[in-house]
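Once you've had a glance at the structure underneath, I'll fire off some questions.
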Amino acid sequence: MHYWLMKSEPNEASIDHLAHAPKKTLPWTGVRNYQARNFMRDGMQIGDGVLFYHSSCPQPGIVGIAKVSSAAYPDPTQFDPTSHYYDPKSSPEKPRWLLVDVRFVKKTPLIALATLRDHAELADMQVLARGNRLSITPVTEAQWRFITEHLV
DNA sequence: GCCAACGTTGGC
DNA sequence: GCCAACGTTGGC
């Protein structure tokens with residue numbers, strides 16, 4: 001069992017989109033970074049906890065809890081020439097990009113980025129690291145507990 | 001809109 | 001393999 005923080009732009013896929021999706025589940029399309037892909041491929045297991053984070057928006061921060069609900073499988077948007085996420089260098093025979101399904105658990109009050117930074121217990125969170133741009137980052141069990149027990 | 005930080009590309 | 005140029009992310 002591992003824990004993750006996954007960033008999403010709310011105008012693309014918000015916590016409300018997830019909550020109202022069929023089966024409360026969305027495929028996590030659009031990851032085009034090898035490190036983030038490798039986390040999904042090599043690190044994630046069904047049932048892993050996910051902190052759902054809104055980025056590139058007026059109030060960036062954690063807005064909900066979700067969980068990993070599938071193993072990694074090829075992201076279909078990489079094969080679709082009309083998709084923003086199309087990758088001409090990828091092929092169904094040799095898919096380059098993967099995704100996992102993510103299932104809604106609950107919404108939380110906004111835990112703003114500034115709030116995360118305020119807590120010494122979270123100082124080592126990868127998402128808070130200087131210059132971090134990864135859309136998927138691991139969260140330690142201690143960080144997960146602190147957030148879900150004290151900040152939610 | 002600005003800009004720091006980082007990843008990727010491609011020439012050599 | 002190096003590295004400059006370019007593109008992207010994402011907070012502010």
Side-chain angles (χ1 to χ4, degrees), chain A residues 2-21 25-44 48-68 70 72-140 142-144 146-148 150-152:
Chain A
H2 293 101
Y3 304 95
W4 310 93
L5 182 144
M6 298 174 80
K7 293 182 191 170
S8 183
E9 300 188 14
N11 53 9
E12 292 244 337
S14 71
I15 190 71
D16 288 319
H17 288 127
L18 185 65
H20 298 121
T25 299
L26 287 174
W28 204 261
T29 55
V31 169
R32 295 295 181 266
N33 171 284
Y34 290 104
Q35 241 183 302
R37 180 203 67 182
N38 294 349
F39 283 140
M40 292 194 286
R41 186 187 63 191
D42 307 329
M44 284 190 182
D48 280 1
V50 172
L51 300 171
F52 194 107
Y53 180 99
H54 281 174
S55 69
S56 294
C57 61
Q59 292 187 299
I62 295 166
V63 292
I65 307 289
K67 61 185 178 184
V68 175
S70 80
Y73 63 96
D75 179 346
T77 62
Q78 71 194 302
F79 310 127
D80 175 3
T82 67
S83 169
H84 176 64
Y85 298 116
Y86 178 58
D87 182 351
K89 293 180 186 163
S90 188
S91 69
E93 295 72 33
K94 263 195 122 184
R96 178 180 290 198
W97 305 112
L98 304 174
L99 55 70
V100 296
D101 291 338
V102 172
R103 183 178 165 91
F104 177 81
V105 174
K106 64 174 181 178
K107 289 177 74 165
T108 63
L110 173 74
I111 307 169
L113 182 57
T115 305
L116 296 174
R117 291 196 193 284
D118 274 346
H119 293 279
E121 293 88 342
L122 304 178
D124 293 332
M125 277 190 86
Q126 210 165 308
V127 73
L128 302 182
R130 183 183 153 83
N132 167 74
R133 293 185 313 167
L134 265 185
S135 62
I136 299 175
T137 47
V139 173
T140 67
Q143 291 161 354
W144 174 270
F146 184 80
I147 290 168
T148 56
H150 299 288
L151 299 185
V152 168

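Order of the sequence lines sets the chain letters (A, B, ...), proteins ahead of strands, with each chain counted from 1. All heavy atoms count here, side chains included; hydrogens, waters and symmetry mates do not.
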Quick one: list whatever passes ring pair (Phe, Tyr, Trp, His ring centres under 6.0 Å) with A:F52, sequence neighbours left out.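 Residues passing ring pair (Phe, Tyr, Trp, His ring centres under 6.0 Å) with A:F52: A:W28, A:H54.
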Can you tell me the distance, in whole Å, between the CG atom of A:N33 and the P atom of C:dT9?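 Distance check: A:N33 CG to C:dT9 P gives 10 Å.
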Roughly, in whole Å, what's the span from CD in A:Q126 to P in C:dT9?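 The distance from CD of A:Q126 to P of C:dT9 comes to 18 Å, rounded to the nearest Å.
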Taking atom C1' of B:dT9 as reference, at what distance in whole Å does atom OH of A:Y34 sit?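 Going from A:Y34 (OH) to B:dT9 (C1'), I get 11 Å.
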Rounded to the nearest Å, what distance is computed from the CG atom of residue A:L134 to the C1' atom of nucleotide C:dG10?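 Atom CG in A:L134 sits about 13 Å away from atom C1' in C:dG10.
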Phosphate OP1/OP2 of C:dT9 contacted by A:K7 side-chain N/O (<4.0 Å):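 No, because none of the side-chain N or O atoms of A:K7 sits under 4.0 Å from OP1 or OP2 of C:dT9.
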Round to the nearest Å and state the distance from A:N11 atom CG to C:dT9 atom P.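 So the CG-P distance, A:N11 to C:dT9, works out to 13 Å.
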Between atom CD of A:Q126 and atom CG of A:L5, what is the distance when rounded to the nearest 0.5 Å?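 Interatomic distance, A:Q126 CD to A:L5 CG, rounded to 0.5 Å: 10.0 Å.
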Nearest-Å distance for atom pair CG/P, residues A:L128 and C:dG10: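 Nearest whole value for this atom pair: 13 Å.
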Would you please test A:V31 and A:L99 for side chain to side chain contact (heavy atoms under 4.5 Å, CB included) and show each step? CA-CA 7 Å; A:V31 169; A:L99 55 70; over 6 Å; no
Candidate nucleotides B:dT8, B:dA5, C:dG10, ranked by approach to the side chain of A:R133 - the nearest: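 Selected nucleotide (nearest to the side chain): B:dA5.
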What nucleic acid atoms does A:E9 come within less than 4.0 Å of, heavy atoms only: base, sugar-phosphate, or nothing?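 No contact.
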Does a nitrogen or oxygen in the side chain of A:K89 sit under 4.0 Å from OP1 or OP2 of B:dT8?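 Indeed not, no polar side-chain atom of A:K89 lies that close.
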What is the separation between atom CE on A:M125 and atom P on C:dG11, rounded to the nearest whole Å?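 After rounding, the reported distance stands at 13 Å.
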Does a side-chain N or O from A:Y53 land closer than 4.0 Å to OP1 or OP2 of C:dT9, or not?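 For A:Y53, the contact criterion (side-chain N or O under 4.0 Å from OP1 or OP2 of C:dT9) is not met.
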Is a donor from one side chain sitting under 3.5 angstrom from an acceptor on the other, for A:D75 and A:T77?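 Indeed, the side chains of A:D75 and A:T77 share at least one donor-acceptor pair under 3.5 Å.
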Using a strict cut-off of less than 4.0 Å between a Lys/Arg side-chain nitrogen and an Asp/Glu carboxylate oxygen, indicate whether A:R32 and A:D87 qualify as a salt bridge.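 The answer is no: the pair does not qualify as a salt bridge.
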Measure from the side chain of A:L113, starting at C-beta and using heavy atoms only, and say which of C:dG11, B:dT8, B:dG7 lies closest.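 For A:L113, the side-chain atoms sit closest to C:dG11.
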Between C1' of C:dT9 and CZ of A:R130, the distance in whole Å: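 Between C1' of C:dT9 and CZ of A:R130: 15 Å.
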